[in-house]
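Below, each value reflects all heavy atoms present in this structure, side chains not excepted, and no hydrogens, waters or symmetry copies.
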Amino acid sequence: MTAELAVGLPVVVLVLGVCLGGLGIATAQLRAHDAAADAARLLGRGEPVARAEALVARTAPGGRLSVARADALVCATVTVEQRLLLVPIAVAGSSCALDAGW
């Protein structure tokens, strides 16, 4: 029974690591989407981009904000890099809001 345990235990640890990493990536995705929605609303109200970037830094640490304006919309995309077993994976969240342009 010792040989089976020696072979099976690393596999169990690897699967557990992948599952926990997947949860971390899902959490980063949710934070990026929330940060993008909040940033789009701020920018739609006419707030400066620096304030939206500060909000993104608090909500999604390490996140990068990109802003696009089209017609009467302002769209914000937040990209965050996460690692899954030392492999970098980029997750992003996007949201748009009406551009009031105060």
Atom pairs and distances, donor-acceptor, side-chain atoms in residues 83-90, under 3.5 Å, two or more places apart:
residue, atom, partner, partner atom, Å
Arg83, NH1, Leu86, O, 3.4

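- Across all their heavy atoms, Arg31 and Pro61 have their closest contact at NH1-CD, 4.4 Å.
- The two residues Ala92 and Thr77 make their nearest non-hydrogen contact at CB-CG2, 4.4 Å.
- Contacts classified as disulfide (SG to SG under 2.5 Å) and involving residues 8-86 (residues at least two apart or in different chains) are given here: Cys75-Cys96.
- For Arg64, the side-chain contact (heavy atoms from CB on, under 4.5 Å) partners are Thr79, not counting sequence neighbours.
- With rounding to the nearest 0.5 angstrom, the CG atom of Leu65 is 10.0 Å from the CG atom of Leu42.
- No side-chain donor-acceptor contact under 3.5 Å links Gln82 to the backbone of Val91.
- Listed by first and then second residue, the disulfide (SG to SG under 2.5 Å) pairs that reach into residues 21-60 come to none, sequence neighbours excluded.
- Every pair passing salt bridge (Lys or Arg N to Asp or Glu O under 4.0 Å) that includes a residue from residues 35-44 is listed here, sequence neighbours excluded: Asp38-Arg41.
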Kindly indicate, with the supporting measurements, whether the criterion side chain to side chain contact (heavy atoms under 4.5 Å, CB included) is fulfilled by Val11 and Val7.
CA-CA 7 Å; Val11 173; Val7 171; 5.6 Å; no
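- Hydrophobic cluster membership is shared by Val49 and Val74, with clusters built from Ile, Leu, Val, Met, Phe, Trp and Tyr side chains linked at under 4.5 angstrom.
- The two atoms that bring Ala76 and Ala39 nearest to each other are CB-CB, 4.1 Å, heavy atoms only.
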Using a 3.5 Å cut-off and no angle test, enumerate the donor-acceptor pairs between side-chain atoms of residues 52-59 and protein atoms at least two apart in sequence or in another chain.
residue, atom, partner, partner atom, Å
Thr59, OG1, Leu55, O, 2.9

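- Here the closest non-hydrogen pair linking Ala36 and Gly93 is CB-O, 3.3 Å.
- The shortest heavy-atom contact between Ala60 and Val78 is CB-CG1, 4.4 Å.
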